[in-house]
Amino acid sequence: MRRTKAFIPTTKEAPNDASLPSHIFLARAGFISQVAAGLYNYMPLAKRVIKKIENIINEEMTAVGAQEVELSFVTPADLWAESGRIEKFGKELLRFKDRKNNLFVLGPTHEEMMVDLVRNRVTSYKNLPLNLYQIKTKFRDEARPRFGLMRGREFIMKDGYSFHATTADLDREFDAMEAAYKKILARLGLDFRVVEADSGAIGGSGSKELMVLADSGEDTIAVCSKCEYGANIEAAKRSKRKVIPEAPEAEFNKFLTPDTKTIEALATSFNVDPYYTVKCIAKRVVYEDESEIVLFFVRGCDNLQEVKALNATEALDIVDVTEEELAEIGLIPGFIGPLDQDKAKHVIDVDLKDAANMICGANEQDYHFIGVDLGILSDVAYFADIAEVNEGDICPHCDGELSFTKGIEVGHIFKLGTTYSEALKAEFLDENGKAQPFIMGTYGMGVSRLVAAVVEQHHDENGCKWTKATAPYMVNIMISNIKDEAQVELGEKLYGQLQESGVEVMLDDRKERFGFKMKDAELIGFPYTVIIGKELVNGSVQVYDRMTTEKLLVPADDIYTKIMELL
RNA sequence: CGGGGUGUAGCUCAGUAUGGUUAGAGUACCUGGUUUGGGACCAGGGGGCCGAAGGUUCGAGUCCUUUCACCCCGACCA
């Protein structure tokens with residue numbers, strides 16, 4: 001492609017609404033343009049990157065036996081009613097009616113559609129397993145789209161669905177998909193981590209997220225310093241502490257503790273480690289038809305992890321409660337303790353089971369209990385893992401320490417089980433001629449988000465640094481002075497040679513100055529830029545490596561060979 | 001969905017407190033010339049329903065009302 005003919009509108013300044021590097025550079029370098037909140041046009045460069053990612057996904061999916069399909073983007077609302085997700089998704093579903101007044105939904109994900117496609121067509125265990133996928137635009141009317149391609153309302157996703165006769169077979173496929181996804185991300189040149197995730201409201205028995213490591217990631221993940229363990233903080237587990245602070249010695253007693261409403265104040269006034277205090281977080285948990293106040297207890301040194309809390313209560317939502325609401329049931333914030341089980345529902349963190357020498361609220365204004373042995377609750381109370389892991393906590397699988405890092409969720413694989421096949425009555429006949437719901441898995445990968453993730457992980461202050469697998473063009477030939485015939489001649493020759501060799505090459509033949517074209521090359525982020533300029537009089541050209549930002553001096557006669565080597 | 005902010009040229013923004021010739025700059029774009037190793041310079045030029053609708057006024061980018069859009073923080077997010 002000749003730069004003079006290419007539609008690549010680069011700009012010196014970023015749109016004022018962009019904050020993330022990927023957003024700024026993709027906009028400035030002429031990859032994307034915003035249409036409305038969370039809606040973007042892909043210009044030629046972006047389209048090329050997307051195709052490359054899609055090709056790699058297609059190759060790896062084919063390699064593991066998945067088959068590509070393409071389902072209608074417009075989906076009948078009836079299907080969403082059948083699965084019950086028309087309520088669950090709520091306003092995220094963009095709904096509209098056709099001329100016959102039928103209600104439709106723009107597909108945000110396609111479990112229902114895929115199950116509908118397969119049910120009554122695959123009816124025997126002999127035809128299982130089956131793995132179907134598509135790469136397609138999705139639409140979710142998100143409350144707050146942001147960060148450019150990272151969280152758009154319209155986005156491109158690879159979504160795959162597998163159908164099995166047994167859970168063992170699902171487990172096998174799940175592992176195969178994890179391996180395939182890892183291969184895809186490795187081929188794209190990304191530094192990533194597979195982490196355990198919350199399987200949450202969707203249900204199912206397991207889920208993993210593929211996280212591209214980048215400071216700007218929206219997710220916090222806990223990773224082990226020694227082993228492969230990694231988990232989204234929403235699902236991260238830990239071992240019992242190995243180093244335990246010295247326990248305070250005290251008989252069970254009630255103590256006057258005026259104005260001691262925080263863990264910090266409590267720990268200070270008794271001179272104990274917060275480890276020996278009990279923190280109460282009162283929340284209102286919301287169910288489908290009702291809601292109630294639930295008291296969550298964790299150690300003073302821990303915090304409540306709301307997603308875990310949600311799972312422990314099997315609630316739809318958790319919201320804050322006011323002091324007035326607590327007062328109505330006789331609870332005083334700052335002095336709430338777990339010993340009265342009758343005032344409200346309790347959920348106590350597993351780390352508090354059998355905890356001794358504890359200090360906790362006495363459920364009485366200005367009083368705390370000391371020397372509490374929570375062992376007395378071990379048979380009557382409800383314990384669950386509800387605490388958020390802290391940096392420095394012990395890995396659940398080895399003796400390494402957990403540390404936090406930020407990740408961009410680019411893939412999510414799920415063992416769905418029979419949630420959708422039961423809801424949509426999608427069944428097959430097993431060996432005994434008995435009808436069974438399909439056991440399903442679902443595997444998503446955010447293609448447009450990957451475009452952003454590559455830039456988030458690979459950029460500098462001057463622009464994008466595409467990996468070899470994702471670059472829109474591998475080589476940019478920059479003719480420094482278009483009026484210099486020797487430079488033009490060599491540029492044209494190399495351009496022709498590379499094109500013949502099938503290299504994706506851009507020829508910057510614009511009548512611009514060196515600095516302008518160089519800045520542009522860095523902004524767009526071609527892996528290699530051949531600079532044909534002032535060194536040519538000495539018989540040399542330079543190769544600028546975008547990833548390392550080093551310039552390599554190469555004899556002009558060897559440049560074609562050198563480039564072919566580098567690729 | 002709560003809280004905050006911003007809408008003026010393709011882009012980045014002045015101008016709005018205190019209404020008053022023909023609405024500005026930089027950049028980008030077009031023409032000509034000079035320049036040619038890090039987003040050059042000179043000269044000329046095209047480009048605006050000042051987000052939209054209503055109102056106040058002799059007069060509105062500026063004041064009032066309504067509304068729409070976009071951004072940020074939070075809640076939410078297979």
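In this text the structure is predicted, and so the values were computed from the model without any measurement. Chain identifiers are assigned alphabetically (A, B, ...) following the order of the sequence lines, protein sequences preceding nucleic acid strands; residue numbering begins at 1 within each chain.
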Using heavy-atom distances to pick each residue's nearest nucleotide on RNA chain B, tell me which of A:Thr11 and A:Arg151 is more 5'. A:Thr11

Nearest-nucleotide wise, let me know which of A:Ala14 and A:Ala37 is further upstream toward the 5' end of RNA chain B. A:Ala14

Report yes if the distance between the aromatic ring centroids of A:Phe104 and A:Trp80 is under 6.0 Å, otherwise no. no

Base, sugar-phosphate or nothing for A:Pro15? Non-hydrogen atoms, less than 4.0 Å. sugar-phosphate

With a cut-off of less than 4.0 Å, is there a side-chain N or O of A:Asn16 near OP1 or OP2 of B:C13? yes

So, A:Ser291 versus A:Arg284: side-chain donor-acceptor pair below 3.5 Å or not? yes

A:Gln34 side chain near B:C71 phosphate (N/O to OP1/OP2, under 4.0 Å): yes

Please state how far atom CD in A:Glu142 lies from atom P in B:C76, giving the value in whole angstrom units. 13 Å

Any A:Lys12 side-chain nitrogen or oxygen under 4.0 Å from OP1 or OP2 of B:U12: no

Between atom CG in A:Asp320 and atom P in B:C1, what is the gap in whole Å? 20 Å

Quick one: the side chain of A:Lys483 and the base of B:U36, do they pair up donor-acceptor inside 3.5 Å? yes

Scan A:Asp159 against the nucleic acid and name what it touches under 4.0 Å (heavy atoms): base, sugar-phosphate only, or nothing. nothing

Give a yes/no verdict on base stacking between B:G39 and A:Phe516: centres under 5.5 Å, planes within less than 30° of parallel. no

Would you classify A:Glu112 as touching base, sugar-phosphate or nothing, given that sugar-phosphate means primed atoms plus P, OP1 and OP2, and contacts are heavy atoms under 4.0 Å? nothing

Under a 3.5 Å cut-off for both distances, is B:U27 Watson-Crick or wobble paired, and to whom? B:G10

Students often get this wrong, so: under 4.0 angstrom with heavy atoms, is A:Ala143 touching a base, only sugar-phosphate, or nothing? base

Using a cut-off of less than 4.0 Å, is there contact between a side-chain N or O of A:Arg144 and OP1 or OP2 of B:C73? yes

At less than 3.5 Å, do the side-chain atoms of A:Glu13 and the base atoms of B:G39 form a donor-acceptor pair? no

Please confirm whether any donor atom in the side chain of A:Arg28 sits under 3.5 Å from an acceptor in the base of B:G39, or the reverse. yes

Across the strands shown, which category fits A:Glu535 at heavy-atom distances under 4.0 angstrom: base, sugar-phosphate, nothing? base

Over all strands shown, is A:Leu523 touching base, sugar-phosphate only, or nothing at heavy-atom distances under 4.0 angstrom? base

Base, sugar-phosphate, or nothing: which does A:Lys138 touch, judged by heavy atoms less than 4.0 Å apart? nothing

Side-chain H-bond candidate by donor/acceptor type, A:Thr220 with A:Lys406, under 3.5 Å: yes

